[in-house]
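Here is how names work: the chains are called A, B, and so on, in the same order as the sequence lines, proteins then strands, and each is numbered from 1.
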2 protein chains.
Amino acid sequence: MDTGDRLLTPGEVAALFRVDPKTVTRWAAAGRIGSIRTPGGHRRFRESEVRALLEGEGEFDEDNPPGGPAPAAQPGPSAAPRAAGSRPGGY
Amino acid sequence: MDTGDRLLTPGEVAALFRVDPKTVTRWAAAGRIGSIRTPGGHRRFRESEVRALLEGEGEFDEDNPPGGPAPAAQPGPSAAPRAAGSRPGGY
DNA sequence: AAGTATTTGGGTAATTAGGGCA
DNA sequence: CGTGTCCTAATTACCCAAATAC
């Protein structure tokens, strides 16, 4: 079955990233984060994907493998493994 | 193999979309989702339609195509009346 | 038949979406 | 270029009551 991806609201993701909900919406609009739309037009985000982003799996030195976490986040149906690219937050 | 003719209760659909059961009822009232009414007046939703809605909106990175789309979502006997097409650009 | 859990209905407050601007 | 804040409009969430489903 699914990995049990809970869906988070923009406000939840925004609080997790310490940004404005508007910014989260922009990430979804830019395709930097997967988003599920409700019939009403609102967006929902996958908890597993947000967590993966929060883990800081952005770009790390290839000689700096994560020796502890090993999230092993498994997007079930159709989640996209974000290989690399940009780092939201730009910190 | 069932094509997904299983009927879901508003609470089930609400949990899938991370919304309130009341919101699901509004979707049915707005014709955004097919609904079957019980003789008592309660609504029931088709599992296949709900799943199609959940995965159908999956946006993916342009350079990250989903390896296995295979939605295999049959429109079933009564196709979904997509009446929510009236969204000209903005609001 | 009785019970509990869920759903329904209407109304109001909070959040979200979209665009433009700083 | 990215983020934050402004606006308006739409959608959603929670309150109450009663009815229905199992």
Worksheet item: What pattern of brackets, bars and dots sums up DNA chain C from 5' to 3', given Watson-Crick or G-U wobble pairs under 3.5 Å, [ ] for crossing pairs and | for another strand?
Response: ..|||||||||||||||||.||
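In this structure, A:Trp27 atom CH2 and D:dT3 atom P are separated by 6 Å, rounded to whole Å. As a whole-Å value, the separation of B:His42 NE2 from C:dA5 P is 16 Å. In this structure, the CG atom of B:Asp20 is 14 Å from the C1' atom of C:dG9, given to the nearest Å. Residue B:Ile36 contributes atom CD1, which lies 16 Å from atom C1' of D:dA21 at whole-angstrom precision. For the pair B:Phe17 CZ and D:dT12 P, the computed distance is 10 Å after rounding to whole Å.
Contact annotation: A:Arg37 side-chain N/O to C:dG18 OP1/OP2 distance is under 4.0 Å. In terms of phosphate contacts, A:Thr23 brings no side-chain nitrogen or oxygen within less than 4.0 Å of OP1 or OP2 of D:dT3. The shortest distance between the side-chain N/O atoms of B:Thr38 and the OP1/OP2 oxygens of D:dA21 is below 4.0 Å.
Here the CG atom belonging to B:Leu8 is positioned 7.0 Å from the CG atom belonging to B:Leu16, to the nearest 0.5 angstrom. Note that CD1 of B:Ile33 is 14.0 Å distant from CZ of B:Arg26, once rounded to the nearest 0.5 Å. With rounding to the nearest 0.5 Å, the separation of CZ in A:Arg37 from NE2 in A:His42 is 9.5 Å.
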Discussion item. Walk me through whether B:Arg43 and B:Ile36 qualify under side-chain contact (heavy atoms from CB on, under 4.5 Å).
Written reply: CA-CA 6 Å; B:Arg43 293 193 186 82; B:Ile36 297 175; over 6 Å; no
Worksheet entry | Steps toward side-chain contact (heavy atoms from CB on, under 4.5 Å) verdict (B:Val50, B:Leu54) | CA-CA 6 Å; B:Val50 175; B:Leu54 276 170; 4.2 Å; yes
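Put simply, the side chain of A:Lys22 and the base of D:dG2 share no donor and acceptor less than 3.5 Å apart.
Nearest nucleotide to the side chain of B:Thr25, out of C:dT8, D:dA13, D:dT20: C:dT8. Taking only side-chain atoms of B:Arg43, from C-beta outward, the nucleotide of D:dG4, D:dA21, C:dT8 with the closest atom is C:dT8.
Remark: nothing in residues 7-16 of chain A comes within less than 4.0 Å of DNA chain D through any heavy atom.
Other residues, nucleotides and ligands contribute only 12 or fewer heavy atoms inside 6.0 Å of the CZ atom of A:Arg51.
Contacts of B:Arg26 with the nucleic acid, taken as non-hydrogen atoms under 4.0 Å apart, include base atoms.
For the pair B:Leu7 and B:Phe45, the minimum side-chain heavy-atom distance is 4.5 Å or more. The shortest distance between side-chain heavy atoms of A:Pro39 and B:Leu53 falls below 4.5 Å.
Applying the ring pair (Phe, Tyr, Trp, His ring centres under 6.0 Å) test to B:Phe17 and every residue at least two apart in sequence or in another chain returns B:Trp27.
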